[in-house]
Amino acid sequence: MSKKLLDETSKFLSYVLRHEPQKIGLTLDSHGWADINALISGAARDGRTLDRVLIEAVVASSDKKRFSISTDGLCIRAVQGHSTETVELQFDEKHPPQMLYHGTATRFLDSINEQGLIPGSRHHVHLSEEIATATSVGQRYGSVVILEIAAQQMQEEGFKFYQAENGVWLTDHVPPHFMIKL
Ligand code: HQG
């Protein structure tokens, strides 16, 4: 199976499982689960050939473990990153490490210094434990800058933190005074 096919399919799955399930007539439940057979037939109507083997290969090879398959094998979901309003993933609150990192583009800094980090179209602000991960996230948008977030201090002051199955840390908003530019 080619890397190109796996990458293209991963992007397609991210699109329908996080953002626009209705584009292929798919319904997600409130926890983000989609029936795999409905996903395959919805994709077919969109002219895209998907089958279980390909879906399982994408899930297994995803560098960021973006997707999970239910224990009964019938459903699939994205583990984080949603923008669709129909999904409200339940994350357990968790104690964050002392510091977390967010990679972003230098051109966003003025606005971030004013408003703090906001979720944008997603449901949460995404933070990483590793500077290397934050760097690759930020590079997607241009010249990268890393922000160090005083996560433990935030939690002590009442902000909530969650961790998705794939290790990504989530919170609702990071006010500017909890972050420094590295
Ligand atoms: C920026 C990837 C202006 C923020 C990654 C970011 C991640 C502001 C962009 C996941 C701002 C949003 C999420 C403000 C934040 N003013 N810009 N006040 N506050 N921003 O893609 O964190 O490959 O929605 O810095 O691994 O970059 O999709 O969020 O640059 O975990 O699986 O607004 O996406 O995962 O961009 O990335 P995004 P993100 P996947």
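Numbering of ligands and ligand atoms starts at 1, following listing order. Just so you know, these numbers come straight off a predicted model, no measurement behind them.
- Short contacts between ligand 1 and Gln115, defined as distances under 4.0 Å to a heavy atom of the residue, involve ligand atoms 14 (C), 16 (N), 18 (N).
- Looking at Gln153 and Gln155, their side chains never bring a donor and an acceptor atom within 3.5 Å of each other.
- Listed for the Ser83 side chain is no donor-acceptor partner under 3.5 Å among the backbone atoms of Arg122.
- When the options Arg140, Lys11, Arg18 are ranked by their closest heavy atom to atom 28 (O) of ligand 1, first place goes to Arg18.
- The closest non-hydrogen atom to atom 10 (C) of ligand 1, taken over His126, His173, His124, Arg107, comes from His126.
- In terms of polar-atom proximity, Tyr141 is counted as a contact of ligand 1, with an N or O under 3.5 Å from an N or O of the ligand.
- Look at Arg48 and Glu8 and you find no salt bridge, because none of the NZ, NE, NH1 or NH2 atoms lies under 4.0 Å from a carboxylate O.
- By the 4.0 Å heavy-atom criterion, Ser136 is excluded from the residues contacting ligand 1.
- Residue contacts with ligand 1: Pro119 is placed with no nitrogen or oxygen under 3.5 Å of a nitrogen or oxygen of the ligand (distance criterion only).
- The side-chain heavy atoms of Leu147 and Leu182, taken from C-beta on, include no pair separated by under 4.5 Å.
- On a distance-only criterion, Leu117 and ligand 1 share no N/O pair closer than 3.5 Å.
- Residues Asp110 and Arg107 are not paired through a salt bridge, judged by the lack of any N-O separation under 4.0 Å between the basic side chain and the carboxylate.
- With distances taken over non-hydrogen atoms, the option nearest atom 40 (P) of ligand 1 out of Lys65, Gln139, Arg122, Arg66 is Arg66.
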Inset, instruction - Assess whether side-chain hydrogen bond (donor to acceptor under 3.5 Å, both in side chains) is satisfied between Tyr101 and Glu148, documenting all intermediate values. - result: CA-CA 5 Å; Tyr101 300 92; Glu148 186 177 60; 2.9 Å; yes

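- When each atom of ligand 1 is checked for a heavy atom of Ser111 under 4.0 Å away, the hits are 3 (C), 14 (C), 16 (N), 18 (N).
- The pair Lys11-Asp7 does not count as a salt bridge, with every side-chain nitrogen at least 4.0 angstrom from each carboxylate oxygen.
- In this structure, atom 35 (O) of ligand 1 lies nearest to the protein heavy atom Lys64 NZ, 3.7 Å.
- Proximity to Ile118 (heavy-atom distance under 4.0 Å) selects the following atoms of ligand 1: 11 (C), 14 (C), 15 (C), 18 (N), 19 (N).
- A heavy-atom separation below 4.0 Å is found between His102 and ligand 1.
- Residues Phe159 and His173 keep their aromatic ring centres 6.0 Å or farther apart.
- Across every non-hydrogen atom of Leu28 and Ala34, the tightest pair is CD2-CB, 3.5 Å.
- Around atom 11 (C) of ligand 1, the closest heavy atom drawn from Val144, Ile112, Val137, Leu127 belongs to Ile112.
- At the top of the distance list for atom 30 (O) of ligand 1, counting protein heavy atoms only, stands Thr104 OG1, 3.2 Å.
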